[in-house]
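Here the structure is laid out as structure tokens; the discussion comes afterwards.
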Amino acid sequence: MMSATTAPVALATTQPAAAADTQPTVLATTPSAAPVVEVLSAEKVFPNGTRALEPIDLTVGQGEFITLLGPSGCGKSTLLKMVAHLIEPSEGRLRWWRGGHESVGQPGRKLVFVFQDATLMPWANVATNVRLPLDLARVPRVQSDPRVDQALGTVGLGQFGRHFPRQLSGGMQMRASIARALVDQPDLLLMDEPFGALDEITRNRLDADLLRLWWERKLTILFVTHSIYEAVFLSTRVIVMAARPGRILREVVIDEPHPRDDSFRVSQAFAGYARQLQQLLIEASDGRPGDDSNATHESASPMVNRTH
Amino acid sequence: MAAQTPLLYNPAFVRILSPLLVGVALLLTWEGLVRFYEVPKYLVPSPSLIALTLVEDWRLLFSALLITLKVTFLAFFLAAVIGTLVAFIFVQSRWIERAFFPYAVLLQVTPVVAIAPLIIIWVKDPLPALVICATIVAIFPIISNTTLGLRSVNPGLLNLFRMNKASRWQELIRLRVPTALPYFFGGLRISSGLALIGAVVAEFVAGTGGTAAGLAYQILQAGFQINIPRLFAALMLITVAGVALFLLMVLLSKWALGQWHESELKAET
Ligand SMILES: Nc1ncnc2c1ncn2[C@@H]1O[C@H](COP(=O)(O)OP(=O)(O)O)[C@@H](O)[C@H]1O
Ligand SMILES: [Mg+2]
């Protein structure tokens, strides 16, 4: 295997922990739970030659809330789509529940993708939209209707089943989209910047609700964001990615107890994690893996040179 | 005075009233000019004379109108059915669409007056010949609009359907058809007017009397006989039929799309 060139990931990393920060946080951990998804040296080169991802190794354990964080173009969506089996890796492979993709969709192995847009059918009311996965699976209405009601209640849209998408705010549309994901009783939720288009207050509220859901239902979530604060608030582990070529730069374990609430957002620990991730992101956009104590210096120097 | 009535502040009322007022003003001016300058009725008849002719020749003109409408509706129906079928075939594969779309365009750009004589020679019965001509005129908007609509599916929704392992049939019925509906009705609106035009043009070319004597035939005859008031009366019936057809289509699409389709609501407000 090509251990020399692969980015430091999941298992026992030999790199020094983020030295720039004093927060005693970075500790690579092996997910103790059973693996839900294993990405095994999977890389992606698109037919047009774009090297979207260098070989990636990542294990998503049962019950984890993992966030992919990185600048745009670093291959977050590509990685998520590979996990969703929407695209194939050009090298390497993936395993789902320790098996191939054929078993995905069976009871206990349901995988659901939530898009950035709510992608609701504008001609159908909210209840019909939420019922779609069940309708496509030809679940009879007597069984599907109570599940739809329950899913709508869970996301706080219990009164809005007969409304049409255009009658809802952006945040409520996103809630409907999540209800549609939940109605299928997923075991693994893949979310690609689901709240990226929303204002910060709405996003914070949805984040809190999502986290509560994850906690209560023991879901496994793989979440993409470019918001540091969202990543810290939600995750058990943050995977920081860098671009050109897309790769995993570092992983940061957010070792804070659940359930978390708004008081976590203003805590010392939160600020420490945020600062650490901020530094890693500077490094990531600098395109220089490794020695992060120099990262700020390095990024500043070209500017200094230019002004002279 | 009119300005005092609160009805004038009702936008719906104003929307109907203002074109009506313009129409009445135009008719009055027309009537006044014709009377003042004593224009002979074989040049420009007055509106009142046209109305009188319409009443006097009602039996003749009304049966002609029925025939023209029969051709129009048959052609419109055929265009809607065949056009939709063709669109469904087109979206099955890009290859089919690329290979056949140019011929649909060919049909569209060829003036019906140029092909009508051929069709009338080939098809012995006048009625089917007229219907075929009018169908050729009316079919293109339905094909192009419906094809566009079936293809305009939101890519995110398409992904969602595919990830839920939706069958091709489910994708068609639950996703492509609802997406295409507003486009289809847009096509119907254009096509209904074209069907009438096609019917009238074909009648002109065919010039047949007897069982297929439509309004165009009456116009031709009235022209030969220099019966200009009747010509105007027939012309007026065609116009009224065209407007009625258009309104019918607007109502139909409103009814069919109901309250649930976005584009209808947006267009309204
Ligand atoms: N279908 C595609 N064909 C070619 N290049 C692609 C395709 N999809 C994404 N890319 C490229 O791959 C890289 C990673 O894209 P993406 O995964 O969308 O990044 P992110 O989600 O982190 O912003 C980008 O440079 C992008 O331009
Ligand atoms: Mg992306």
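From a predicted model like this one, the values you see are computed outputs, not experimental measurements. Every chain is numbered from 1 and lettered A, B, ... according to where its sequence line falls, protein lines coming before strand lines.
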The interface call for B:R174 against chain A, heavy-atom contacts under 4.5 Å, is both
- Check whether A:V104 gets within reach of chain B through its side chain, its backbone, both or neither, counting any heavy atom under 4.5 Å.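 It is the backbone, since no side chain atom gets that close.
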Chain B contact via A:L120 - side chain, backbone, both or neither, heavy atoms under 4.5 Å: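 Contact with chain B is through the backbone of A:L120 alone.
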Does atom [atom1] ([X]) have a neighbourhood of more than 12 heavy atoms from anything else shown, all under 6.0 Å?
X	atom1	value
B:L251	CG	yes
A:E200	CD	no
B:K70	NZ	no
A:Q159	CD	no

### Message
Rounded to the nearest 0.5 Å, what separates atom CE in B:M163 from atom CG in A:D184?
### Response
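These two atoms lie 11.0 Å from each other.
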Spatial distance of atom CZ (B:R162) from atom CG (A:L136) [nearest 0.5 Å]
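Answer rounded to 0.5 Å: 12.5 Å.
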- Answer yes or no: is there a side-chain heavy-atom contact under 4.5 Å between A:W123 and B:T179?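 Sidechains of B:T179 and A:W123: in contact.
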_Beyond-backbone contact of A:R138 with B:S167, side-chain heavy atoms, under 4.5 angstrom_ =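 Side chain of A:R138 against side chain of B:S167, heavy atoms only: contact under 4.5 Å found.
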Most heavy-atom pairs under 4.5 Å with chain B, out of A:V112, A:L132, A:D117, belong to A:L132
- Query: Passes side-chain contact (heavy atoms from CB on, under 4.5 Å), B:L160 versus A:R180? Steps please.
  - Reply: CA-CA 11 Å; B:L160 183 76; A:R180 182 179 58 197; 3.3 Å; yes
